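In what follows, every heavy atom counts, from backbone to side chain, and hydrogens, waters and symmetry copies are set aside. Within every chain, numbering begins at 1; the chains are lettered A, B, ... in the order of the sequence lines, protein sequences first and strands thereafter. Quick caveat: nothing in here was measured; it's all calculated off a predicted structure.
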There are 2 protein chains.
Amino acid sequence: MPRGHRRGGGPRHRWGRRMRIVEPMLLLLMAKKSAHGYGLVEQLASVFGLLELPPQTVYRALQGMEDSGWITAKWDMDAGQGPPRKVYSITSEGLSALQNWADEMEMLRGMLDAFTSHYRKLNE
Amino acid sequence: MPRGHRRGGGPRHRWGRRMRIVEPMLLLLMAKKSAHGYGLVEQLASVFGLLELPPQTVYRALQGMEDSGWITAKWDMDAGQGPPRKVYSITSEGLSALQNWADEMEMLRGMLDAFTSHYRKLNE
DNA sequence: TTTGACTATTGACAAAATGTGAATAGTATC
DNA sequence: GATACTATTCACATTTTGTCAATAGTCAAA
């Protein structure tokens, strides 16, 4: 088991068909800075190019991660530009989940590289 | 729309949360050589590192792609090492679906690269 | 000759994830 | 006070996955 052994919490699905990418990206953004849902939706688009993502998906993911203890939320009443916001911060468990996920992202990367190189060979 | 505009058939979901990788990989393998399901399960593991993938997932994906017209199947009775096999071949529609998917895979790659570089910065 | 290991595919049903449309609500601007 | 923008949540139908198991042919050993 050279890499990717799990520390603490984190994703424990053995995937193969579809991989979540929203959760690790959200965790990464929150690891940088606490933020509210709406702002995170915008960051997903601007930082990662994750456009066309329904906000509900993000709010739902945040809810799930809160339930898992990876993030905590605090209401920020009177935030200025609109209704109250829920500001999310990453926990230490969230950090270790992020680390596990980063490992999986790298695994996925390896698969994509394999795909690309085989695909190129096909079109030679 | 600089890249990724769609030709013919292909995936038409606007994803953002989870991305299929089994289908494009299967299409790529079949573009190289017709094969039966069981053999494809093994190739997914050996070529792409897609271990721990329940065979049902693969058979299900194959069924779906057959329904979409991306592949065709023929029974190979008396194949030698076991019960009859269904041998799948890619169609021209399957080839164009593969091309669309390759574009999406590259988009995903871009996102993963963004993730990785931000993640590294975090751990500096 | 029947048992077990391996090859090969399919079915059914519960559980989980997504898609979709909308409701709710505060602030700011015209 | 109408409209646009910010911000979050709910509900329900649909789709996808997970899981367990059924079916079945070949081959080799006991």
note = Taken to the nearest whole Å, CD/E23(B) to C1'/dT17(D) is 12 Å

task = For a side-chain contact (heavy atoms from CB on, under 4.5 Å) with M111(A), tell me which candidate from I21(B), V47(B), L44(B) qualifies.
result = I21(B)

query = Are E23(B) and R20(B) close enough for a salt bridge, meaning some N to O gap below 4.0 Å?
reply = yes

query = Between dA8(C) atom P and D76(B) atom CG, what is the distance in whole Å?
reply = 10 Å

key: Whole angstrom value for the distance that separates P of dA17(C) from CE of M19(A)   = 15 Å

Donor-acceptor under 3.5 Å (S89(B) side chain, T72(B) main chain) = no

ask   = Do side-chain atoms of S46(B) reach the backbone of E42(B) as a donor and acceptor pair under 3.5 angstrom?
value = yes

message = In this structure, how many angstroms lie between the C1' atom of dT9(C) and the CG atom of L26(B), rounded?
response = 15 Å

query = Cluster question for you: counting only ILVMFWY and a side-chain heavy-atom cut-off of under 4.5 Å, with indirect links fine, are V87(B) and M25(B) together?
reply = no

ask   = Within this structure, what is the NZ-to-P distance between K86(A) and dT24(C), rounded to whole angstrom?
value = 19 Å

request  = State which of dT6(D), dT18(C), dT27(C) makes the closest approach to the side chain of D78(A).
outcome  = dT27(C)

request  = Check each residue of residues 35-46 of chain B for a non-hydrogen atom within less than 4.0 Å of any atom in DNA chain C, then write out the ones that pass by number, or none.
outcome  = H36(B), G37(B), Y38(B)

key: Pairwise side-chain contact, E104(A) with R109(A), heavy-atom cut-off 4.5 Å (strictly under)   = no

inquiry  = Considering every strand and a 4.0 Å limit on heavy-atom distances, what is the contact class for Q56(A): base, sugar-phosphate, or nothing?
reply    = base

request  = Let me know, please, whether R60(A) or P84(A) comes out on the 5' side of the other along DNA chain D by nearest nucleotide.
outcome  = P84(A)

task = Please report, rounded to the nearest Å, how far the P atom of dT9(D) is from the CG atom of D67(A).
result = 12 Å

inquiry  = Side-chain N or O of Y59(B) versus OP1/OP2 of dT10(C): is the shortest distance under 4.0 Å?
reply    = no

query = Angle class for the W70(B)/W101(B) ring planes (parallel below 30°, perpendicular above 60°, tilted otherwise)?
reply = perpendicular

key: Interatomic distance where CZ belongs to R85(A) and P belongs to dT9(D) [whole Å]   = 14 Å

message = What is the separation between atom CD on Q63(A) and atom P on dA7(D), rounded to the nearest whole Å?
response = 18 Å

